[in-house]
Amino acid sequence: MIEFNFELDASGLNCPLPLLRLKKALMEMSSGDIVKVIATDPAAHLDFGVYSDQTGHQIIEFIKESGRQIFYIKKK
């Protein structure tokens, strides 16, 4: 189990809301902190992947379960 500093439940939200909520959460976090994001939007992994590539934040784990995706993202 990965330890995290903040949890964001974006279940039931569709693009772009999960990404916008992630951006807001990261602005309030310190460098090195980890946010756990739960999303049900099937395209969330694409949005979070591109966003991480562009900003330098790191997806340290991605888990796909039935109907939801769980991301652990480390702030740069």
Side-chain angles (χ1 to χ4, degrees):
M1 185 68 146
I2 295 176
E3 292 187 25
F4 54 92
N5 307 93
F6 189 79
E7 183 171 338
L8 171 63
D9 188 353
S11 298
L13 301 177
N14 291 320
C15 181
L17 293 176
L19 181 59
L20 294 174
R21 299 243 174 125
L22 173 62
K23 286 176 160 181
K24 183 178 178 185
L26 287 167
M27 288 183 353
E28 299 172 6
M29 296 167 53
S30 300
S31 180
D33 283 352
I34 296 174
V35 59
K36 174 183 177 181
V37 183
I38 302 166
T40 54
D41 181 356
H45 69 284
L46 299 172
D47 295 337
F48 290 173
V50 169
Y51 178 70
S52 295
D53 289 345
Q54 291 177 347
T55 60
H57 303 302
Q58 180 184 6
I59 298 175
I60 55 176
E61 188 163 353
F62 167 60
I63 302 165
K64 190 168 187 175
E65 297 178 344
S66 60
R68 72 180 190 161
Q69 302 169 67
I70 301 172
F71 301 84
Y72 291 89
I73 301 172
K74 184 175 184 179
K75 182 174 179 174
K76 70 173 182 176

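The first residue in the sequence is number 1, and the count goes up from there. From a predicted model like this one, the values you see are computed outputs, not experimental measurements.
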Applying side-chain contact (heavy atoms from CB on, under 4.5 Å) to Tyr51 and Ile73, what does each step give before you reach the verdict?
CA-CA 11 Å; Tyr51 178 70; Ile73 301 172; over 6 Å; no

Single-linkage hydrophobic cluster Tyr72~Ile38, side-chain heavy atoms < 4.5 angstrom:
yes

Check for me, please, whether Ile59 and Val37 land in the same ILVMFWY cluster - side-chain distances under 4.5 Å, paths through other members count.
yes

Inspect the surroundings of CD in Glu65 and state if more than 12 heavy atoms from other residues, nucleotides or ligands are less than 6.0 Å away.
yes

Do you know which two heavy atoms are closest between Met29 and Lys75, and how far apart they sit?
O-NZ, 2.8 Å

Would a hydrophobic clustering, with Ile, Leu, Val, Met, Phe, Trp and Tyr connected at side-chain separations under 4.5 Å, put Phe6 with Phe62?
yes

Atom pair CD/CG of Glu28 and Asn5 - distance to nearest 0.5 Å
13.0 Å

Could you please spell out the steps behind the side-chain contact (heavy atoms from CB on, under 4.5 Å) verdict for His45 and Phe71?
CA-CA 8 Å; His45 69 284; Phe71 301 84; 3.9 Å; yes

Yes or no on side-chain contact (heavy atoms from CB on, under 4.5 Å) for Lys36 and Ile70, after CA distance, side-chain angles and deciding distance?
CA-CA 7 Å; Lys36 174 183 177 181; Ile70 301 172; 3.9 Å; yes

Working for side-chain contact (heavy atoms from CB on, under 4.5 Å), residues Phe48 and Leu19:
CA-CA 7 Å; Phe48 290 173; Leu19 181 59; 3.9 Å; yes

Could you point out which residue of Leu8, Asp33, Val35 forms a side-chain contact (heavy atoms from CB on, under 4.5 Å) with Leu26?
Val35

Are Leu46 and Val50 joined in one hydrophobic group, where the rule is that I, L, V, M, F, W and Y side chains link up if heavy atoms are under 4.5 Å apart?
no

Side-chain (Thr40) to main-chain (Gly67) donor-acceptor, under 3.5 angstrom:
no

Of all heavy-atom pairs between Ile34 and Ile60, which one has the smallest distance, and what is that distance?
CD1-CD1, 3.5 Å

Closest heavy-atom pair, Gly56 versus Lys76, reported as atoms and distance to 0.1 Å, is O-CB, 3.6 Å

If you count the non-hydrogen atoms of other residues, nucleotides and ligands that lie under 6.0 Å from NZ in Lys74, is the total more than 12?
no

For Asp47 and Cys15 the tightest heavy-atom approach is OD2-SG, 3.3 Å

